[in-house]
Amino acid sequence: MEELSKVFIPDHVEKKWTSKWLDDCCFDRIVDNSKESFCVLMPPPNVTGVLHMGHLLNQTLQDAFARIARHCNKCATWIPGTDHAGISLQVKVEKELIKNGINLKTIEREKFLEHAGAWRDKHGGVILSQLKSLGVSCDFKNQVHTLDGGYSRGVLTAFVELYKRGYIYRGKRIVNWCPKTLTALSDEEVTMKPQKSKLYYVQYDIVERPGRSIEISTTRPETIMGDVAVAVNPEDERYKNLIGLHCKRPLNVMEIPIIADNAVDKNFGTGALKITPAHDSVDFAVGQRHNLPIIDILNPDGTLNARAGDEFIGLDRFTAREKIAEKLQAMGALSKVEEYENNIGFSERGNVPIEPRLSEQWFLKYPKVDESKRAVSEGFIKFYPKHWEKTYLHWLDNIRDWCISRQLWWGHRIPVWYKKNSDRSDSNNWHVSVDGPSDIENWERDEDVLDTWASSWIWPFGVFGWPDQEKMNEKSFQYFYPTNVLVTGPDIIFFWVARMIIASMEFMGPEKKSLSDKEIKERIPFENVYFTGIIRDKLGRKMSKSLGNSPEPLDLIAKYGADGLRFGILLSAPSGQDLIFNEENLKLGRNFCNKLWNAFRFSRINRSYTPYTKISLADIIAKISTADLDIDDHAILLNLIKFCSTFEGQVKNFEINAAINSISSFFWNEYCDWYVEASKSRLKDGNKTVAAVHDIIMRQLLLLLNPFIPFITDELWNVGERNQRSMQNVYCETSKDLRAAFDCLNLDKTSIGVVLQLKEFLNLSRRLISQSQVELKERMLLHICPKTEIAEEILRNYISKLQRLIGIEKIDFTDEILQLPSIQTPLGIVYLQVAKVNSVEEKKKLAWEIERLSKLIRLNEIQLSSREFLTRAPAHIIEGTKKMLSENTSRREELRKILSTM
RNA sequence: GGGGAAUUAGCUCAGUUGGUUAGAGCAUCAGCAUGACACGCUGGGGGUCGCUGGUUCGAGUCCAGUAUUUCCCACCA
C-alpha cells in the first residue's frame, strides 16, 4: 500500500503530470474515424499578453469541455494559438526602440518589422506556457499564430476574394482617427465616455443684414476655421428668412452660406449648427448633400495646421480650443459659455479622444449579413446564455461598413499594389492579389496593414490551413469542422464572434450570393458559443492592471494548487453573469481537493485493492455479493445514478456551475458525510462488498471530476500503478450505463426514502442531545418510542449504526410516555435519559411546538374547507394537504399527551 | 433615446413547466482533536423573495407598472 500524505500537496503532482501528459502525447491531434469528433477553438490570446484572471475561467472551461468529450469516447482536439496583436505589439516595440535610442522617424519599415518579430519571438507565447501550469489539454504541437505564413495567406486570400466579389472598396471618408497611435480605427474600437466640457455660443455676422448675426453653439471652437457653412432646420421659423443668405466666419474671416438641412435639431442650443465637413461625420454628410468644400485644419497628431491660421499652427487641439475661446471673447463674438456634459469617443488603445478625420481608407461592406443572422436565429449556432443572441442580431441589423486599413507596420500588409507614379484613386492602376504583380518593380504596395480583427475573423478555418487544401487535409479539417464550442467573453461578440460567422458564411463553400438554410448549416464555424462573465473585484470593478486589483494567477496556482484554483473559479462563476472574485472561493476549491484526497485515502485504508487503471466497472461489481448489501449500499448506488443523470443534463446545457455544485454535494454530503460514516465499521471489518461499493463511487467521481481537476484525479486514478498513464481517455459510464450495470444487484428503490427518514431521525436525535446540554462524558441513553411497527423494524435493523453515528452508549425501545426531554421524528419519539429534568423548560418547549403545529393545522384546515381549492387544485396537491393535516394533528396529539403527564 | 441583465439570509448565489413549512456555501454562534480529512465533524440562529397592482383555489415563479444597480447600442453640435 502506497502511503498517501495526510494533506493533498498539489506541488507533488502538478509538475509530474504536466510533463507526463506532454511526454505521452496525450493532447496530440490523432484522428480516429470510428469516433465522433470534438473540437474546441481557443480564442487566441494576444502575443503581448500575460495570463490574467479572465483567462483562468475561460481556459478552465475550455479544458473541461475538451476533457469531458474525451471521457465520452469522442476524439477531441483543442486548438491553441496566439494573435499578433497589431497596435498593442507595435506600441510596445516602439517604446523599446525609443529606449534604445533608435529614431522612429527614420527607421525603415523592414528594419522595424525585424525588431518587432524579434520582440515577439522573445516575449510572445509566454501565455501559452503559463497555461500549461493550469493543466490545459490543448494541442500545443499544432498551435497557430496569426502572422504565420500559412495563416497570413488565408488572411490575404480573404481580402482578395472579397475585393473580387465586390465587397471591398477604397474611399475617402470620415473615419475614427487616433491622434496618438496615428491610425484609423473601426467603430467598434471607439468607446464613448461622458466628459465634462463646455458649450460655446458664438456670433456669426450676417453679410446681407449688417448689424445682425446668427448665434451658433459648439463644443469645438477650435474647428471654426474649418467651417464652410451654418445650417439650420428648414422648419425652424426663427431662421426661415435667413436661409440662402451668408454669414461671416469669425476666424480666418470668410463668407459662408446659411443652409437648411434636416440633420439640424431645432431644440438643441440655438438651433443653428456650424458645418465643418473635415472634422465631424454629420457635418461631412451635410457637406456632401450641399456640395460644400472641405477644409482640414488638423494634422494627423491632433495639432492645428497652416489652414488654421498662422497664430495657431502647431497648437494641440485642446490648447487651441482655450486660446480661440479667449480670442472670440476679445472680439466680442463669444456670447456665453455653458458647462456641458457630452459623450466623447475614445480610442481604446490610445485612451485619447478620437478625432473624426477625413482620410483614404479601405472599407468592407459585410457579405452574408442575412445568412449570419439566420445562422443564429434559426438555431444552427447556439449561444449560452441565450440572451446574447439579441445583442448579436441587433448589431447585424444596424451593421455599417468596416474600416479595415490601419496605418501601422505590424500586421498583414494590404495586398494591393499601385502602378508607380499613377493616380491611386483610379482602380485601373491597382493590382490586387495574394502574391503581387509579376513585374513588381513597376509597382508600389499599399503602405497600410489590416485591422487585427480582419485576420482573426478567419480563425475557425484559418487554423486548419485554409485555403491550402493539402494542409487542410493534413490538419483534418473535414473531420473537425465545424468546431463544437467556442468559449469567449461577450465583450468581443462584435469584434470577433459575429465576424467569424460572417467570414465562414462567405468562405466555407463555393461563392454564392445567398445561402439556403442547409448551406448555412454546412458553413457554420462552431455549434455552440459559451459566453463567460467578466471577473470583477469585491467592489464590482473590472480586474485591470491599472487599478492593481488583479491577483497574479501564477501566485494563486502556487497558493491553492491548479486544481483548487480551477474548481474554485468554476464554483464562483454563476452561468451568464459577471462574477465577483473572492479568494475565499479558491480556498473552497483547495478544501474540496483535500477532501477528495482524504476520502480516497480512507476508502483504501487497511485493505488490498487493484488500481483503477487495471479494473473496470464490471470487475468491481463482480466483487459484490448481493446478500451483503445493506440499506445504505442500496441507497448510495441508486443516488449515484440519480446524481449522474442530473449532472449529465447540466453539462449538456452548459450549466457548469450547477454541475459543479451537484457533484460537490453528492460527494461531500451523500458520500462523505453519510455513506462513509455509515459504512465505516463494515469497511473496517474487511467486508468486500462494502469496499466494492466504495470503489464504484470513487471511480465514478474521479471520472466525472477529471475534466475539472485533472491533476489530483489522474494521480489518484494511478495510485498503486507502476506504469502511470493519464485517465483522460477512459470512458465514463453514463447514468444509463450505471443503471444497466447495477441491474444484477436488484437495488431496492425504497431504500432512498428509508435512509432519508433515518437521516432525519439522526439529525433530530443529535439536536435533542445538543440542546439538552448534558455532559458529553456522561453516559447517555436514548429511549425510542417507534411510531409504527415498520418504523420499529427499521430502527432495530439500524440500531448499532445509530449508536455509533449518534455517539451514545445505548438505545432502547419503549412504548410509554416518559417525562424526559423529547423530540418527534418521522420514525417516532426520542427521549433522552438525563439525571435531572427541568420540567418548566420542557413544558415551555412542548407548548411552543404545539403552538407551531396548531398554526400549520389552521392553515391546512382553511385550505381544505375552500370549495374552490377542492374543485380546482389537482388531486395530488389535495391529497398532500390532507396528509399533512393528519400528520400534524397526530403529532400535536402526541405532544399534548406528553405535556399532560408532566 | 433604444435594448439587455440583475434585484431572494450579513456576503455570493440556487430556486426547472406556478403547488404542501423558500434552499446551498461562506460568515456567525454552540459543541467535538469520533481510527480519511481542523483545508475537518455535529448542531443552532438568520429571509413578509426591491416596491405596487393584477391573473389564479394557490405567485419568489406568470402579467402590467415602478424603483435601484449594471452592461451594451445610438451622428444632438
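All heavy atoms count here, side chains included; hydrogens, waters and symmetry mates do not. Protein chains get the first letters and strands the later ones, always in sequence-line order, with residue 1 at the start of each.
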* Asked: Who are the ring pair (Phe, Tyr, Trp, His ring centres under 6.0 Å) partners of A:Y204, not counting sequence neighbours?
  -> none
* Please identify each residue that fulfils ring pair (Phe, Tyr, Trp, His ring centres under 6.0 Å) with A:Y239, with sequence neighbours left out. => none
Considering only atom [atom1], compute the distance from [N] to [M] and round it to an integer number of Å.
N     : M     : atom1 : value
B:U28 : B:C11 : P     : 15 Å
B:G35 : B:C29 : C1'   : 30 Å
B:G10 : B:A27 : C1'   : 8 Å
B:G23 : B:A14 : C1'   : 7 Å
B:A9  : B:G60 : P     : 15 Å
B:U17 : B:C63 : P     : 12 Å
B:A5  : B:G15 : P     : 15 Å
B:A38 : B:U52 : P     : 50 Å

* For RNA chain B, which consecutive runs of 3 or more Watson-Crick or G-U pairs (each distance under 3.5 Å) count as stems? -> B:1-7 with B:67-73, B:10-13 with B:23-26, B:28-32 with B:40-44, B:50-54 with B:62-66
* Rounded distance (nearest 0.5 Å) linking atom CG of A:L764 with atom CG of A:L768 -> 9.0 Å
* **Approximate separation, where rounding is to 0.5 Å, of A:R536 CZ and A:D578 CG** => 4.5 Å
* **Short side-chain to backbone donor-acceptor contact, A:Q824 and A:R891, under 3.5 Å** => yes
What is the distance, to the nearest angstrom, from the [atom1] atom on [X] to the [atom2] atom on [N]?
X      : N     : atom1 : atom2 : result
A:N657 : B:U16 : CG    : P     : 15 Å
A:Q650 : B:U16 : CD    : C1'   : 11 Å
A:I769 : B:C32 : CD1   : C1'   : 13 Å
A:Y675 : B:A36 : OH    : P     : 17 Å
A:E584 : B:A27 : CD    : C1'   : 9 Å
A:H387 : B:U70 : NE2   : C1'   : 12 Å
A:I580 : B:A5  : CD1   : C1'   : 14 Å
A:I569 : B:U12 : CD1   : P     : 17 Å

* ring-ring contact (aromatic ring centres under 6.0 Å, His included) between A:Y392 and A:F383: does it pass, once the steps are laid out? -> CA-CA 10 Å; A:Y392 169 85; A:F383 283 8; 5.4 Å; yes
* Salt bridge between A:D280 and A:R220, side-chain N to carboxylate O under 4.0 Å? -> no
* Does a side-chain N-to-carboxylate-O contact under 4.0 Å join A:E355 and A:R317? -> yes
* Asked: Reading nucleotides 71-77 of chain B 5' to 3', which nucleotides get B (base under 4.0 Å from a protein heavy atom), which S (sugar-phosphate only), which -?
  -> SSSBBBB
* Structure fact -> In 5'-to-3' order, the base (B), backbone-only (S) or no-contact (-) status of each nucleotide in nucleotides 37-49 of chain B, using a 4.0 angstrom heavy-atom cut-off, is B-BSSSSS-----
Please determine if [X] forms a cation-pi arrangement with [Y], meaning its NZ or CZ atom is less than 6.0 Å from the six-membered ring centre and no more than 45° off the ring axis.
X      : Y      : result
A:K336 : A:Y201 : yes
A:R604 : A:Y609 : yes
A:R400 : A:W395 : no
A:K642 : A:F666 : no

* **A:K274/A:T276 under side chain to side chain donor-acceptor pair (under 3.5 Å): CA gap, chis, key distance, verdict** => CA-CA 7 Å; A:K274 74 187 199 65; A:T276 322; 2.9 Å; yes
* Structure fact -> Only one of A:Y366, A:F494, A:F495 passes ring-ring contact (aromatic ring centres under 6.0 Å, His included) with A:W402, and that residue is A:Y366
* Give a yes-or-no answer on whether the side chains of A:H279 and A:D283 include a donor-acceptor pair shorter than 3.5 Å. => no
Polar-atom pairs under 3.5 Å, protein N or O versus N or O of nucleotides 19-25 of chain B: list them with distances, or write none.
residue: B:U20; atom: O2; partner: A:G880; partner atom: O; Å: 3.4

